[in-house]
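See structure below.
FYI, side chains are in, hydrogens and waters are out, and symmetry mates aren't considered; it's all heavy atoms of this structure.
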Amino acid sequence: MATESQKKARDKWNKKNKEKSKIYNYKSRGKSFILNYASLKDLDEYESYIAQRREQLKEENNL
């Protein structure tokens, strides 16, 4: 269980780092879904999304 000072520090960090916090949250939820709930169809869809994103990042980096 977190102490009051730990809670304060966590809240301060979250307030200062909203974008990072949002990304960590998305990543955690995505991983949990894939590992615990995704069907084969879901996994196929995610593989397609990953391939699309990889291509997008490759194109952006070659600019």
Side-chain angles (χ1 to χ4, degrees):
M1 188 166 185
T3 65
E4 282 301 315
S5 62
Q6 288 172 324
K7 289 177 186 177
K8 265 186 168 178
R10 181 194 62 220
D11 291 342
K12 181 180 175 184
W13 187 91
N14 284 339
K15 187 174 183 180
K16 185 178 175 184
N17 298 285
K18 287 185 181 205
E19 190 64 22
K20 278 186 183 180
S21 181
K22 182 172 71 170
I23 291 169
Y24 292 154
N25 193 327
Y26 286 150
K27 185 176 177 181
S28 177
R29 287 188 290 171
K31 181 179 177 182
S32 178
F33 173 73
I34 289 169
L35 293 178
N36 298 313
Y37 302 104
S39 67
L40 287 174
K41 182 180 177 186
D42 294 330
L43 294 175
D44 289 340
E45 288 177 13
Y46 272 77
E47 285 178 345
S48 172
Y49 301 151
I50 291 168
Q52 289 174 12
R53 181 65 175 149
R54 282 185 196 277
E55 287 303 313
Q56 180 185 21
L57 290 173
K58 286 178 185 177
E59 289 174 10
E60 289 173 5
N61 288 329
N62 288 333
L63 291 176

Inset, instruction - Check the pair Lys7 / Arg10 against side chain to side chain contact (heavy atoms under 4.5 Å, CB included), numbers first and verdict last. - result: CA-CA 5 Å; Lys7 289 177 186 177; Arg10 181 194 62 220; 4.0 Å; yes
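- Using cut-offs of 30° and 60° for the angle between ring planes, the Trp13 and Tyr24 rings count as parallel.
- Here the side chains of Gln56 and Glu60 are in contact, with some heavy-atom distance below 4.5 Å.
- Applying the 6.0 Å contact sphere to CG of Leu40 captures no more than 12 heavy atoms from other residues, nucleotides or ligands.
- Rounding to the nearest 0.5 angstrom, the gap separating the OH atom in Tyr26 from the OG atom in Ser21 is 10.5 Å.
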Inset, instruction - Apply side chain to side chain donor-acceptor pair (under 3.5 Å) to the pair Asp42 and Ser39, showing each step before the final yes or no. - result: CA-CA 5 Å; Asp42 294 330; Ser39 67; 3.2 Å; yes
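- When the side chains of ILVMFWY residues are joined at heavy-atom separations under 4.5 Å, either directly or via intervening members, Tyr49 and Leu43 end up in a single hydrophobic cluster.
- Under a hydrophobic-cluster definition in which Ile, Leu, Val, Met, Phe, Trp and Tyr are linked whenever side-chain heavy atoms come within less than 4.5 Å, directly or via other members, Tyr46 and Leu35 are assigned to different clusters.
- To the nearest 0.5 Å, atom NZ of residue Lys58 and atom CG of residue Asn62 are 9.5 Å apart.
- Although no hydrogens or angles enter the test, the distance criterion places no donor-acceptor pair under 3.5 Å between the side chain of Asn14 and the main chain of Asp11.
- Residue Lys18 holds its NZ atom at 14.5 Å from CD1 of Ile23, rounded to the nearest 0.5 Å.
- Contact check for Lys41 versus Glu45: side-chain heavy atoms found under the 4.5 Å cut-off.
- Within a 6.0 Å sphere centred on CZ of Arg54, other residues, nucleotides and ligands contribute 12 heavy atoms or fewer.
- A 4.5 Å side-chain heavy-atom check between Lys22 and Glu19 finds at least one atom pair inside the cut-off.
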